[in-house]
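Written out below as structure tokens is the structure these notes cover.
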Amino acid sequence: MTYPGAPRPVQVRPTPVGKLAARLGIDSPGAAEVTGITHDSRAVRPGDLYAALPGARFHGADFATQAASLGAAAILTDPAGHERAAATGLPVLSVDDPRGRMGEIAVEIYGRPGEDLLQIGITGTSGKTTTAYLVEGGLRAAAGRDEPALTGLIGTVEMRIGDERIKSERTTPEATDLQALFAVMRERGVKAVAMEVSSHALVLGRVDGCVFDVAVFNNLSPEHMEFHSGMEDYFQAKARLFTPERSRVGVVNFDDEYGRRLITESGVPVTSFSAEGHPDADWRAEDVEVGPFTSGFTAVGPKGERVTATAPLAGPFNVANTLAAIATLAVAGVDPQTAADGIAAVPGVPGRLERVDVGQPYLAVVDYAHKTDAVESVLRALRKVTEGKLHIVLGCGGDRDKQKRASMGAAAARLSDTAVLTSDNPRSEDPLAILAAMIAGAAEVPVHERGDVLIEADRAAAIATVVARAQPGDTVLVAGKGHEQGQDIAGVLRPFDDRQVLRAAIMNTQG
């Protein structure tokens, strides 16, 4: 999948196919020159190297003719795709693992663009997006108010090149798109980029060719178990970021059990941080005051630095995200107080505890929480600032992590006064089958420990249900989809934005 409207660099020096062949350790297939690379035949531009990769249903070589018709200059593929690629008459670079070599080839074609950027890569289960935004806020502050925007952002919600915003299709772009983005950033004067690095990206080679100046680890909890064989496999995927091939130094959460393990097993030097204030951590939070919408604390550094800090989003977990960002920027050479001031000025993160306010006498928020730990954390954070009752709308995605459905249903039932279980993105699954698993989890919570549990498969109707229950002093939380603007039902992506639907439901109740 490509990124609609994603820019490509314009100042690219042609690379001879022979040079790429030498890089791959194979014989030169001809004298063509390439000026770009893509793995999507529909996105080929004249002069591109088309990476024809094997897939679950089709082989990229099946679309080699289409790529050639759009101006591809050469094709990268494997022995299984060689014959179909060669039938186009284009030079063919054939290697056993084209996906595994695609990143280094993209780096070569675009002239090693990452070397001109301060690269900060953030991994973990929860908090990647928020931490990336906070790091980028600190980078902007370090650049100075009078300077043009010299920062980049790549992640789940969006990509930013300076002030230009581009919709993201996945957390970490494919290697071909990522290196093109780095090249565009270099052209436009961007000096530093903060990006999310998913476990998929590390396993599938999307960040091949990148060496991050700072790698960040937030935490690890069960997720993507449809992709990983278990937590050990998941941890090992994340740990790949903390090797000399992927990063120069690391910043790791001391409070997380997997973080403590990573500190001892990391292949690069590590700076640790502790939002719980552990004295053995390099950076720690002290004098924490958690407020309804922000939290204040003092960040204490390894040299005795005392930095006045504000987490611009609510909840103890955002103290951890903020401290991670301060420690990361300090390691990257930014003055810690300048970093903290820039972080405090971040106006919010789309879909992360994002308030919806049309004058109603209760708090209404949308959050991306879509795994058990995240649901529990956000409900506990909101409970602390809720005078009345706490209501949640929650669903689970289809074709993903079936193991977490029961525990998510249980968390919603145990920690809220009203839990309306509904659809998320059911994808190819029966929404009622997904709900059955969530209900089973909720039923495991003893009656005296759980709130009201309601079932409404239609997500808009579920949101309307909790809004109708809300009274002054209550809190309404719509969880799971956050910034997303569509709902995938039976393979059809339909427009749906929790923030808009929640806003409309509140306005309807106000007449």
Side-chain angles (χ1 to χ4, degrees), residues 120 122 124 126-143 145 149 151-160 162-168 171 194-196 216 218 275 288-297 309-326 328-329 339-360 362-370 374-375 377-382 384-386 392-393 475-485 497-503 506:
I120 297 174
I122 301 153
S126 299
K128 293 190 299 295
T129 298
T130 297
T131 304
Y133 272 84
L134 300 181
V135 167
E136 199 254 358
L139 291 171
R140 284 185 172 236
R145 294 183 178 179
T151 60
L153 177 74
I154 300 172
T156 305
V157 176
E158 63 184 352
M159 298 176 288
R160 287 210 302 247
D163 290 325
E164 180 185 358
R165 297 171 183 264
I166 305 161
K167 183 179 181 297
S168 289
T171 297
M195 65 175 283
E196 301 177 51
V216 186
N218 282 336
V288 178
E289 296 184 4
V290 178
F293 305 114
T294 63
S295 298
F297 65 97
T310 299
L313 291 88
F317 49 93
N318 280 313
V319 172
N321 292 334
T322 300
L323 183 60
I326 293 171
T328 297
L329 289 162
D341 292 345
I343 290 165
V346 172
V349 180
R352 274 64 179 175
L353 283 176
E354 185 173 352
R355 296 180 65 189
V356 174
D357 191 349
V358 291
Q360 76 276 6
Y362 54 86
L363 178 63
V365 295
V366 169
D367 193 80
Y368 191 52
H370 60 283
V375 171
S377 294
V378 73
L379 283 171
R380 288 194 174 101
L382 290 173
K384 292 179 180 179
V385 298
T386 301
I392 183 174
V393 172
T475 295
V476 168
L477 167 65
V478 180
K481 289 171 59 60
H483 64 281
E484 294 178 3
Q485 298 179 35
D497 187 324
D498 278 351
R499 297 162 295 187
Q500 294 180 2
V501 175
L502 178 57
R503 181 180 298 273
I506 295 170

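- Shortest non-hydrogen contact noted between Ser168 and Gly155 is OG-O, 2.6 Å.
- The shortest side-chain heavy-atom distance between Leu363 and Leu382 falls under the 4.5 Å cut-off.
- Residues Val157 and Tyr133 form a side-chain contact, since some pair of their non-hydrogen atoms from C-beta on lies under 4.5 Å apart.
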Kindly list each side-chain donor-acceptor pair under 3.5 angstrom involving residues 311-321, sequence neighbours excluded, with atom names and distances?
residue, atom, partner, partner atom, Å
Asn318, OD1, Asn321, ND2, 3.0
Asn318, ND2, Ala314, O, 2.6
Asn321, OD1, Thr131, OG1, 3.4
Asn321, ND2, Phe317, O, 3.4

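- Using a 4.5 Å cut-off on side-chain heavy atoms (C-beta onward), Val478 and Val356 make no contact.
- With values rounded to the nearest 0.5 angstrom, Asp341 atom CG is found 8.5 Å from Thr310 atom OG1.
- Distance OG1/Thr328 to CD1/Ile120: 6.5 Å, rounded to 0.5 Å.
- Judged by distance alone, the side chain of Asp367 and the main-chain N or O of Leu353 form a donor-acceptor pair under 3.5 Å.
- Taking both residues in full, the closest heavy atoms of Val366 and Leu502 are given as CG2-CD2, 3.9 Å, listed atom of the first, atom of the second, then distance.
- Shown here are the side chain to side chain donor-acceptor pair (under 3.5 Å) partners of Lys481, two or more places apart in sequence or in another chain: Asn425, Glu484.
- With rounding to the nearest 0.5 angstrom, the CE atom of Met195 is 10.5 Å from the OG1 atom of Thr156.
- Distance check, rounded to the nearest 0.5 Å: CG of Asp163 to CZ of Arg140 gives 4.5 Å.
- With sequence neighbours excluded, the residues that form a side chain to side chain contact (heavy atoms under 4.5 Å, CB included) with Arg165 are Glu158, Arg160.
- Under a 4.0 Å N-O distance rule, the pair Arg503/Asp497 does not qualify as a salt bridge.
- Residues satisfying the side chain to side chain donor-acceptor pair (under 3.5 Å) criterion with Thr386, sequence neighbours excluded, are Thr475.
- At a threshold of 4.5 Å between non-hydrogen side-chain atoms, the residues Phe293 and Val385 do not count as touching.
- Remark: Thr322 OG1 to Ile326 CD1 distance equals 6.5 Å, nearest 0.5 Å.
- Asp498 is linked by a salt bridge (Lys or Arg N to Asp or Glu O under 4.0 Å) to Arg459, counting only residues two or more places apart in sequence or in another chain.
- Residue pairs that meet the side chain to side chain donor-acceptor pair (under 3.5 Å) test with at least one member in residues 344-354, sequence neighbours left out, are Thr129-Arg352, Arg352-His483, Glu354-Arg499.
- Of the N and O atoms on the side chains of Glu136 and Thr151, at least one donor lies less than 3.5 Å from an acceptor on the other residue.
- A distance of 6.0 Å separates CG in Leu134 from CD1 in Ile343, rounded to the nearest 0.5 Å.
- For the pair Asn218 and Ala324, the tightest heavy-atom approach, listed with the atom from each and the gap, is OD1-CB, 3.9 Å.
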